[in-house]
Each structure stands twice: as C-alpha cells, then as structure tokens.
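For reference, the structure discussed in these notes is given below.
We use all heavy atoms of the structure for the numbers below, so side chains are in, but hydrogens, waters and symmetry mates are not. No experiment lies behind these values; they were computed from the predicted model shown.
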Amino acid sequence: QVQLVESGGGLVQAGGSLRLSCAASGSIFSINYMGWYRQVPGKQRELVARITSGGNTNYADTVKDRFTISRDNAKNTVTLQMNSLKPEDTAHYYCNAGVRKTYNSDANFQYWGQGTQVTVSS
C-alpha cells in the first residue's frame, strides 16, 4: 500500500502565503507524477498543479504565477508554494500521486492523501 501525508494547511489573510507538503511512502518503485487538487463543498475536485518525474509542470489558470509546485524524487515529496493567496483559494487541498509499484510493470496506481484545509480570509 501507499500512503500520502500532507502538511502545511491553515488560515492566512488574503495576500499571504502558505506552503503545502506531501510525503509518499510504502510500496513504491517510482512515482510518475505528484500533484495537488482542491475541493470546496458542493463542487468537483479540481486540479491545482501537477509535476512529473521529469519536472514537467502544469497549473490551473487560476493559480498560474502565484503557485509553484516542486518535488524531490529522492524523498518522494512534493511541495506547493502558494503566494498572493485569495479568498477563492479557500478549499480542502489533496495530494495526489501516480505510482509505479514494481520494476517489471508500467501499471500506474493513483493514490490520494487525506487532505489539508486552506482558508484565506479577506
């Protein structure tokens, strides 16, 4: 099994910054991609940012130029630096990873963390 553990959420005023971190552990051969999604009650979970093992990134248009995703392949961690936060960034943020479990299979297994709350006050 694979576990994703997030940390770093909290309450911040608009214009402030937060840093989210996620560590993956367990039955991992390699991690194809890691990313962050967010969800507010009554809405679908949406992609915030994602990064591949090769360092390619993609961001939601709403967070471009404000958020930066990075990862440490050796430590199986991903970090989301969130700057210039807005009240509309308030959501539960989930870490996501696509994991390859063995050397002799390319099968990708997707995992989710429990999530961490980010609240931005106006």
Can you measure from [atom1] ([X]) to [atom2] ([Y]) and round to the nearest 0.5 angstrom?
X: Tyr59; Y: Arg50; atom1: OH; atom2: CZ; result: 13.0 Å
X: Asn58; Y: Lys64; atom1: CG; atom2: NZ; result: 8.5 Å
X: Ser70; Y: Arg19; atom1: OG; atom2: CZ; result: 6.0 Å
X: Leu20; Y: Thr79; atom1: CG; atom2: OG1; result: 8.5 Å
X: Ile31; Y: Asn73; atom1: CD1; atom2: CG; result: 8.0 Å
X: Ser53; Y: Met34; atom1: OG; atom2: CE; result: 11.5 Å

Using modelled atom types and a 3.5 Å cut-off, is there a donor and acceptor pairing between side-chain atoms of [X] and backbone atoms of [Y]?
X: Ser105; Y: Thr102; result: no
X: Thr116; Y: Gly9; result: yes
X: Thr90; Y: Val120; result: yes

Linking I/L/V/M/F/W/Y whenever any side-chain heavy atoms sit under 4.5 Å apart, do [X] and [Y] land together?
X: Phe109; Y: Tyr37; value: no
X: Leu4; Y: Ile51; value: yes
X: Tyr33; Y: Leu80; value: no

Answer yes or no: is there a side-chain heavy-atom contact under 4.5 Å between [X] and [Y]?
X: Ile28; Y: Asn76; result: yes
X: Thr52; Y: Asn32; result: no
X: Asn96; Y: Tyr111; result: no
X: Phe67; Y: Leu85; result: yes

Which atom pair, heavy atoms only, marks the closest approach of [X] to [Y]?
X: Ala91; Y: Val40; answer: CB-CG1, 3.6 Å
X: Ala14; Y: Ser122; answer: CB-CA, 4.3 Å
X: Cys22; Y: Trp36; answer: CB-CZ2, 3.6 Å

Does the side-chain hydrogen bond (donor to acceptor under 3.5 Å, both in side chains) test come out yes or no for Ser17 and Asn83, once each step is laid out? CA-CA 4 Å; Ser17 298; Asn83 299 328; 2.9 Å; yes
Mind checking whether Trp112 and Tyr94 have parallel, tilted or perpendicular rings, split at 30° and 60°?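 The rings of Trp112 and Tyr94 stand perpendicular, inter-plane angle above 60°.
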Sole candidate of Gln39, Gln117, Glu6 that passes side chain to side chain donor-acceptor pair (under 3.5 Å) when paired with His92: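 Running side chain to side chain donor-acceptor pair (under 3.5 Å) over Gln39, Gln117, Glu6 with His92 returns exactly one hit, Gln117.
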Begin with the C-alpha distance, continue with both residues' side-chain angles, and end with the deciding distance and a verdict on side chain to side chain contact (heavy atoms under 4.5 Å, CB included) for Val12 and Ser121. CA-CA 6 Å; Val12 65; Ser121 63; over 6 Å; no
Count the heavy atoms of every other residue, nucleotide or ligand shown that sit under 6.0 Å from CD of Gln114, and state whether that count exceeds 12.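 12 or below, so no.
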Who are the salt bridge (Lys or Arg N to Asp or Glu O under 4.0 Å) partners of [X], not counting sequence neighbours?
X: Asp65; value: none
X: Arg38; value: Glu46, Asp89
X: Arg100; value: Asp106

